[in-house]
2 protein chains.
Amino acid sequence: MTQQLPCSQTGGSAADYHIHTGNCIDILPELPEKSVELIFADPPYNLQLKQELYRPNQTLVDGVDDTWDQFPSFESYDEFTRQWLSACRRVLADDGTIWVIGSYHNIFRVGKIMMDLGYWILNDVQWHKTNPMPNFRGVRFTNATETLIWAKKSEKQKKYTFNHQVMKQLNEGKQMTSVWQIPLCTGAERIKDEHGKKAHSTQKPEALLERVILSSSNEGDLVLDPFLGSGTTCAVARKLNRRSIGIEQEPRYVKIAENRLKTEGTQ
Amino acid sequence: MTQQLPCSQTGGSAADYHIHTGNCIDILPELPEKSVELIFADPPYNLQLKQELYRPNQTLVDGVDDTWDQFPSFESYDEFTRQWLSACRRVLADDGTIWVIGSYHNIFRVGKIMMDLGYWILNDVQWHKTNPMPNFRGVRFTNATETLIWAKKSEKQKKYTFNHQVMKQLNEGKQMTSVWQIPLCTGAERIKDEHGKKAHSTQKPEALLERVILSSSNEGDLVLDPFLGSGTTCAVARKLNRRSIGIEQEPRYVKIAENRLKTEGTQ
DNA sequence: TATAAAGGTGAATCCGCAC
DNA sequence: AGTGCGGATTCACCTTTAT
């Protein structure tokens, strides 16, 4: 079934990747049930954009609609969140886990909906940015973290992958905690466009994905990213000998990701 | 109106405190509207601990099994949360702010409801515990944080207190970030009962409250804690010359708090 | 008295399999 | 679903006891 969808793919090795162009809410139902061992999701939290794209009854929003209550963007964002999280839960294997990253703008809504859908939280990991953007006006605390929710599919789920010893080794022989000190993705790792500007506004550091993938999947496992963006998940998955599927709606990001994987693959 | 409620109180100074015995959902409606400059709330987390946990040396972990932390369902917890947060919003001054602390068990639900009620999040501060309890079985990451949501009353609110320079001074001259490294409340600071056991299962460190109160209130301001517990908020508020109101449902905790304030007051 | 060793403990959603 | 058993599993800090 996957092959019927428009996608770029490699073939043959234990680190194959597929990239699908489109909305994950449309594409995920075409993937086989329970076929994915690990999901990493970095969903958008641009409420304004989402309000333009979705509403609870699935129709497109065009202009002012006075049937909205006082929190239209929250409601539409919640509906969007419920849909992609539900679609992810269908393709997640019964012994799989999911990671979702977000900031205080969206992570509370996302976490609440994950709980409502039956996901069972294992940890809330804090990505502690060692070089955060300062709050120039001094009106708040410098926002130095993003939150990753790590969850299994259900409360009753017995089996899931956690490579405790691998994490311990990455932490000087001591048990890894839920606080990960990792710098922002900058410098050579940050992908630039033809004008030298950053090609993607929220490119995640590979070090972050390395911890996610190493801790909660094994070699040969299939990893899914429903909001692939610049392709970090597929790139790190391949480096660590995991298979991967990426889904990305914006053709320009798909191009960036494909080029990144092609380039890095020849290195 | 406050005086008509059963409460213990001091009189006269800029650091007066009042402690009310009862459920904050019942008591808050009796307090004047918009009368409080700062709220710190440490509500039940609804931990849902379902079994006993032993350390590797076979000793039993003294978990939080208090009945006040038990809720029959997410829905009932959400309804409870909506009620106390609404009641708090009524008594909060139009230029005031609120802090709510929680863990991954509850903070996503709390944050979502805060947003729905119109609160506008300023920061999600991470209390990074320097000495957390390890994950003894090695099946998850050591849970090393609790989350504090700091919010103003509404998106449109222009004024609120943030003592940027005070925070900067507490951080070696550098802008304070949203990650606070503070140890657990242990040792002499931890209040013990007559048997030498911890008097409250979730007593917060004074260092945490100091940052909260110093950053977002001024001397003479009125601080409210709707879940006073062992009285840390009132104790720190008095030390920092803030007036305070504490509400606590459990008579045994009220006694502890009153005794703590009486004792410390004579020092 | 000083130093070392031993013991206690913290908001925790903490095992997996065979029978 | 309940029981029993083999096996893997812990960090920082404070207090108490021992040398």
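Here is how names work: the chains are called A, B, and so on, in the same order as the sequence lines, proteins then strands, and each is numbered from 1.
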Specify the separation, in whole Å, of atom [atom1] of [X] and atom [atom2] of [N].
| X | N | atom1 | atom2 | answer |
| --- | --- | --- | --- | --- |
| Lys198(B) | dT9(C) | NZ | P | 9 Å |
| Lys168(A) | dC11(D) | NZ | P | 5 Å |
| Phe227(B) | dA11(C) | CZ | C1' | 15 Å |
| Leu49(B) | dG10(C) | CG | P | 14 Å |
| Met167(A) | dT9(D) | CE | P | 15 Å |
| Arg137(B) | dC11(D) | CZ | C1' | 17 Å |
| Gln70(B) | dA11(C) | CD | P | 17 Å |
| Tyr104(B) | dA11(C) | OH | C1' | 10 Å |

Upstream residue (5' side of DNA chain C) when Gly196(B) and Gly138(B) are each assigned their closest nucleotide: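 On the 5' side of the pair lies Gly196(B).
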
Quick one: do the [X] and [Y] side chains pair a donor with an acceptor below 3.5 Å?
| X | Y | answer |
| --- | --- | --- |
| Ser216(A) | Trp99(A) | yes |
| Gln126(A) | Thr147(A) | yes |
| Gln165(A) | Gln169(A) | no |

Listed nucleotide nearest any side-chain atom of [X], set [options]:
| X | options | value |
| --- | --- | --- |
| Thr186(B) | dC15(C), dC14(D), dA11(C) | dC14(D) |
| Lys174(A) | dC14(C), dA12(D), dG10(C) | dA12(D) |
| Pro56(B) | dA11(C), dT10(D), dC14(C) | dT10(D) |
| Met133(B) | dT13(C), dA11(C), dA12(C) | dA12(C) |
| Gln51(B) | dT13(C), dC14(C), dG10(C) | dC14(C) |

Syn/anti label of dT9(D) as read from its glycosidic torsion, with the cut at 90° from 0: anti

At less than 4.0 Å, is any side-chain N or O atom of [X] found next to OP1 or OP2 of [N]? Yes or no.
| X | N | answer |
| --- | --- | --- |
| Gln165(A) | dT9(D) | yes |
| Arg190(B) | dG8(C) | no |
| His164(A) | dT10(D) | yes |

For [X], which contact category applies under a 4.0 Å heavy-atom criterion: base, sugar-phosphate, or nothing?
| X | value |
| --- | --- |
| Asn143(B) | sugar-phosphate |
| Gln175(A) | sugar-phosphate |
| Glu146(B) | base |
| Thr130(B) | sugar-phosphate |
| Pro43(B) | base |
| Lys197(B) | sugar-phosphate |
| Ser103(B) | nothing |
| Pro183(B) | nothing |
| Asp65(B) | nothing |

Heavy-atom donor-acceptor pair, Arg140(B) side-chain to dT13(C) base, under 3.5 Å: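 Between dT13(C) and Arg140(B), which were checked side chain against base, a qualifying N/O pair under 3.5 Å is present.
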
Side-chain donor/acceptor contact of Arg55(B) with base of dG10(C) under 3.5 Å: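 Yes.
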
For [N], which nucleotide in any strand shown is its Watson-Crick or wobble partner with both distances under 3.5 Å?
| N | value |
| --- | --- |
| dT10(D) | none |
| dT19(D) | dA2(C) |
| dC14(C) | none |

How far does the [atom1] atom of [N] sit from the matching atom of [M], given to the nearest Å?
| N | M | atom1 | result |
| --- | --- | --- | --- |
| dT10(D) | dG7(C) | C1' | 15 Å |
| dA11(C) | dC15(C) | C1' | 23 Å |
| dA12(D) | dC14(C) | P | 23 Å |
| dA12(C) | dC5(D) | C1' | 24 Å |
| dT17(D) | dT1(C) | C1' | 15 Å |

Quiz item: cation-pi between Arg140(A) and Phe162(B), 6.0 Å / 45°: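 Not satisfied by the 6.0 Å and 45° rule.
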
Plane angle bin for Phe80(B) and Trp84(B) - parallel if under 30°, tilted between 30 and 60°, otherwise perpendicular: tilted

Parallel, tilted or perpendicular: ring planes of Phe71(B) versus Tyr77(B), cut at 30 and 60 degrees: perpendicular

Pairs flagged by side chain to side chain donor-acceptor pair (under 3.5 Å) wherever residues 248-259 of chain B is involved - sequence neighbours left out: Ser8(B)-Glu258(B), Trp68(B)-Tyr253(B), Glu250(B)-Arg252(B)

Upstream residue (5' side of DNA chain D) when Asn57(B) and Ala188(B) are each assigned their closest nucleotide: Asn57(B)

Test side-chain contact (heavy atoms from CB on, under 4.5 Å) applied to Tyr17(B) and Arg242(B), Arg238(B), Arg243(B), the passing residue: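 The residue from Arg242(B), Arg238(B), Arg243(B) that satisfies side-chain contact (heavy atoms from CB on, under 4.5 Å) with Tyr17(B) turns out to be Arg238(B).
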
pi-stack flag for Trp120(A) and dT13(C), centroid dist under 5.5 Å, interplanar under 30°: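 Per 5.5 Å and 30° rule: yes, stacked.
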
